[in-house]
J.: 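I am attaching a structure below and will ask some questions about it afterwards.
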Amino acid sequence: MQAEEILTLGIETSCDETAASVIKGGREILSNIISTQIPLHQKFGGVVPEIASRKHILNIMPVIDEAVRSADMELKDINQIAVTYGPGLVGALLVGVSAAKTLSFALDVPLIAVNHLEGHIFANFLTHTELEPPFLALIVSGGHTALIKMNNYNNFEMLGQTRDDAAGEAFDKIARVMGLPYPGGPEIDKLAKIGNAEAVDFPIAKVDDYDFSFSGLKSAVLNYLNSAKMKGEDINNADVAASFQKAVIDALVEKTIHAAGEFNFNKIVLAGGVAANSALESTLRSKCEQKGFNFYYPSKILCTDNAAMIACRGYYQSLKKDFADDRLNAVPGLGLLA
Ligand code: KG4
Ligand code: ZN
């Protein structure tokens with residue numbers, strides 16, 4: 001069979017989205033089904049792992065069925081199955097891994113174990129079908145913030161990562177304290193549009209090399225909010241959101257542009273849920289234009305968790321026969337491997 005004809009079923013259940021997708025070859029999305037649990041977790045202000053696992057169990061087979069049906073085919077047409085096995089919530093991951101192992105056995109097709117973080121980078125190949133490595137990737141999600149040298153499809157090098165909180169985690173925590181609904185990132189993004197980013201000068205930690213740190217910034221924003229409340233001062237939430245967001249973006253953009261110069265990359269790729277942030281996207285885009293770098297980021301629906309990116313990553317692993325077997329287990333603390 002020609003590689004461009006291979007049909008890959010992707011399965012993703014690492015956090016609060018149950019997702020399945022069928023792609024053809026490496027880059028053509030035939031279906032991309034995402035059943036989000038966000039409304040379910042909203043009343044708790046964040047993801048409740050036990051509830052997430054139970055909901056995945058209820059959703060997984062209907063979501064897979066719908067992905068296959070919307071791709072205009074039947075399960076028996078699928079050639080291989082790619083599943084996220086980490087990082088993520090262990091109970092949530094296990095639902096996807098068990099479903100993938102069962103289907104791989106029943107359909108007698110290869111199983112591919114995909115690292116969720118690598119999947120986020122690969123979302124870019126689905127949006128930009130002409131994109132090829134090498135490039136520099138900035139992953140910013142709810143659980144991770146990292147700068148990665150992607151040398152080829154199967155070789156990644158971590159240049160730096162957060163030493164404490166991920167950028168998305170800081171967005172979610174600050175939004176929560178401001179009384180905004182979960183997930184906080186999109187809410188801060190919206191609010192910041194009507195705020196003044198110069199209103200409050202929040203400090204951003206100076207860390208060596210290409211590592212990041214957001215816990216000091218998070219504490220500074222929380223202290224600012226608490227002390228204003230104690231003094232009975234009015235808080236302009238939009239100004240706080242815009243000033244906080246600018247501090248995060250400045251740190252991310254400065255290190256990314258510096259790394260691209262130092263390591264001679266002319267392509268910069270943004271990935272992960274926080275890549276959906278409009279100010280991050282526009283700031284990094286304009287910095288890239290100034291420096292003559294090409295800038296890529298995924299379409300909005302492929303920024304946050306989805307299974308098309310997992311199928312895409314899996315497809316490129318299958319080209320080098322990187323298959324898993326029925327001993328595959330969830331690895332909640334999985335880092336970047338290659
Ligand atoms: O990649 P993702 O869907 O899940 C993980 O793998 O962690 O990222 C979710 C994170 C959440 O923290 C959410 O608040 C953040 O991405 N996020 C945003 C935006 N949309 C989602 N953060 C800032 N601005 C946004 N527009
Ligand atoms: Zn993710």
Side-chain angles (χ1 to χ4, degrees), residues 10-19 21 32 34-38 41-42 45-47 49 52 83-89 92-93 96 114-124 137-146 148 161-162 165-178 180-193 195 197 214 217-218 221 241-242 244-249 251-253 269-284 297-310 312-313 332-336:
I11 298 176
E12 156 64 39
T13 62
S14 67
C15 190
D16 58 351
E17 335 278 353
T18 318
S21 161
N32 186 22
I34 304 168
S35 168
T36 183
Q37 304 178 6
I38 286 176
H41 298 284
Q42 239 160 13
V47 179
V83 64
T84 302
Y85 76 110
L89 303 167
L93 288 164
V114 174
N115 180 317
H116 182 83
L117 297 177
E118 296 175 6
H120 271 301
I121 301 176
F122 278 64
N124 278 281
L138 172 66
I139 305 187
V140 253
S141 74
H144 295 84
T145 303
I148 285 150
Q161 59 183 322
T162 182
D165 294 351
E169 221 173 320
F171 271 92
D172 293 342
K173 183 71 205 271
I174 283 161
R176 189 174 171 168
V177 171
M178 283 181 172
L180 301 169
Y182 173 84
E187 301 293 326
I188 299 248
D189 189 355
K190 247 188 278 164
L191 199 55
K193 288 196 170 74
F214 295 107
L217 170 65
K218 186 184 75 182
V221 180
F244 155 73
Q245 183 176 275
K246 179 177 183 299
V248 174
I249 292 173
L252 293 171
V253 170
V269 164
L270 182 59
V274 184
N277 184 276
S278 50
L280 173 59
E281 183 260 310
S282 63
T283 312
L284 193 51
Y297 86 109
S299 58
K300 286 268 183 283
I301 191 69
L302 296 176
C303 282
T304 42
D305 292 348
N306 66 86
M309 69 185 196
I310 302 304
C312 177
R313 174 64 191 122
L334 186 67
L336 210 67

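Atoms within each ligand, like the ligands themselves, are counted from 1 in listed order.
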J.: Taking atom CG of Asp305 and atom CD1 of Ile34, what is their separation to the nearest 0.5 Å?
T.: 8.5 Å
J.: Any idea which atoms of ligand 1 are less than 4.0 Å away from a heavy-atom of Gly142?
T.: 5 (C), 7 (O), 8 (O), 9 (C), 10 (C), 12 (O)
J.: Does any N or O atom in Asp305 lie less than 3.5 angstrom from one in ligand 1, N or O only?
T.: yes
J.: Quick one, Met309 and Asn306 - any side-chain contact, counting heavy atoms below 4.5 Å?
T.: yes
J.: Examine the side chains of His144 and Gln161 and answer whether a donor and an acceptor come within less than 3.5 Å of each other.
T.: no
J.: Output the list of atoms in ligand 1 that are nearer than 4.0 Å to some heavy atom of Gly273, sorted by atom number.
T.: 1 (O), 2 (P), 8 (O), 16 (O), 17 (N), 18 (C), 19 (C), 20 (N), 21 (C)
J.: Under a 3.5 Å distance rule, please check whether Glu169 uses its side chain to pair with a backbone N or O of Ala166 as donor and acceptor.
T.: yes
J.: Take every heavy atom of His116, measure it against each atom of ligand 1, and state whether any distance is under 4.0 Å.
T.: yes
J.: Name the closest protein heavy atom to atom 15 (C) of ligand 1, giving the residue it belongs to and the distance to 0.1 Å.
T.: Val274 CG2, 3.9 Å
J.: Any idea which atoms of ligand 1 are less than 4.0 Å away from a heavy-atom of Asn277?
T.: 23 (C), 24 (N), 25 (C), 26 (N)
J.: Salt-bridged, Asp189 to Lys193, with N to O below 4.0 Å?
T.: yes
J.: Give the atoms of ligand 1, by number and element, whose distance to some non-hydrogen atom of Gly168 is under 4.0 Å.
T.: 12 (O)
J.: Could an N or O of ligand 1 be found under 3.5 Å from any N or O of Asp189, whether backbone or side chain?
T.: yes
J.: Report the distance from atom CD1 of Ile174 to atom CZ of Phe244, rounding to the nearest 0.5 Å.
T.: 4.0 Å
J.: What is the closest protein heavy atom to atom 22 (N) of ligand 1, and at what distance does it sit?
T.: Gly185 CA, 3.3 Å
J.: Taking just the N, O or S atoms of Asp305, which one is nearest to the Zn ion (ligand 2)?
T.: OD1
J.: Using only atom types and a distance under 3.5 Å, with no angle test, would you say the side chain of Glu12 pairs donor to acceptor with the backbone of Ser14?
T.: yes
J.: Could you tell me whether Glu17 approaches ligand 1 through its side chain, its backbone, both or neither, with non-hydrogen atoms closer than 4.0 Å?
T.: neither
J.: Would the distance check show the side chain of Gln42 and the main-chain N or O of Tyr182 forming a donor-acceptor pair, the cut-off being under 3.5 Å?
T.: yes
J.: Looking at ligand 1, does Lys190 have a heavy atom less than 4.0 Å from it?
T.: no
J.: Under 4.0 Å from a heavy atom of Thr304: give me the atoms of ligand 1 that qualify, with their elements.
T.: 3 (O)
J.: Kindly say whether Leu180 contributes a backbone atom to a donor-acceptor pair with the side chain of Glu187 at under 3.5 angstrom?
T.: no
J.: Taking atom CG of Asp16 and atom NE2 of His41, what is their separation to the nearest 0.5 Å?
T.: 5.0 Å
J.: Is the distance from the Zn ion (ligand 2) to the nearest N/O/S atom of His120 under 2.8 Å?
T.: yes
J.: Indicate yes or no: does an N/O atom of Cys303 lie under 3.5 Å from an N/O atom of ligand 1?
T.: no
J.: Among all protein non-hydrogen atoms, which one is nearest to atom 14 (O) of ligand 1, and what is the separation to 0.1 Å?
T.: Asp172 OD1, 2.6 Å
J.: In a check of side chain to side chain contact (heavy atoms under 4.5 Å, CB included) between Ile139 and each of Thr145, Val269, Leu117, Val274, which one passes?
T.: Leu117
J.: Specify whether an N/O/S atom of His116 falls short of 2.8 Å from the Zn ion (ligand 2).
T.: yes
J.: What atoms of ligand 1 come closer than 4.0 angstrom to any heavy atom of Gly143?
T.: 7 (O)
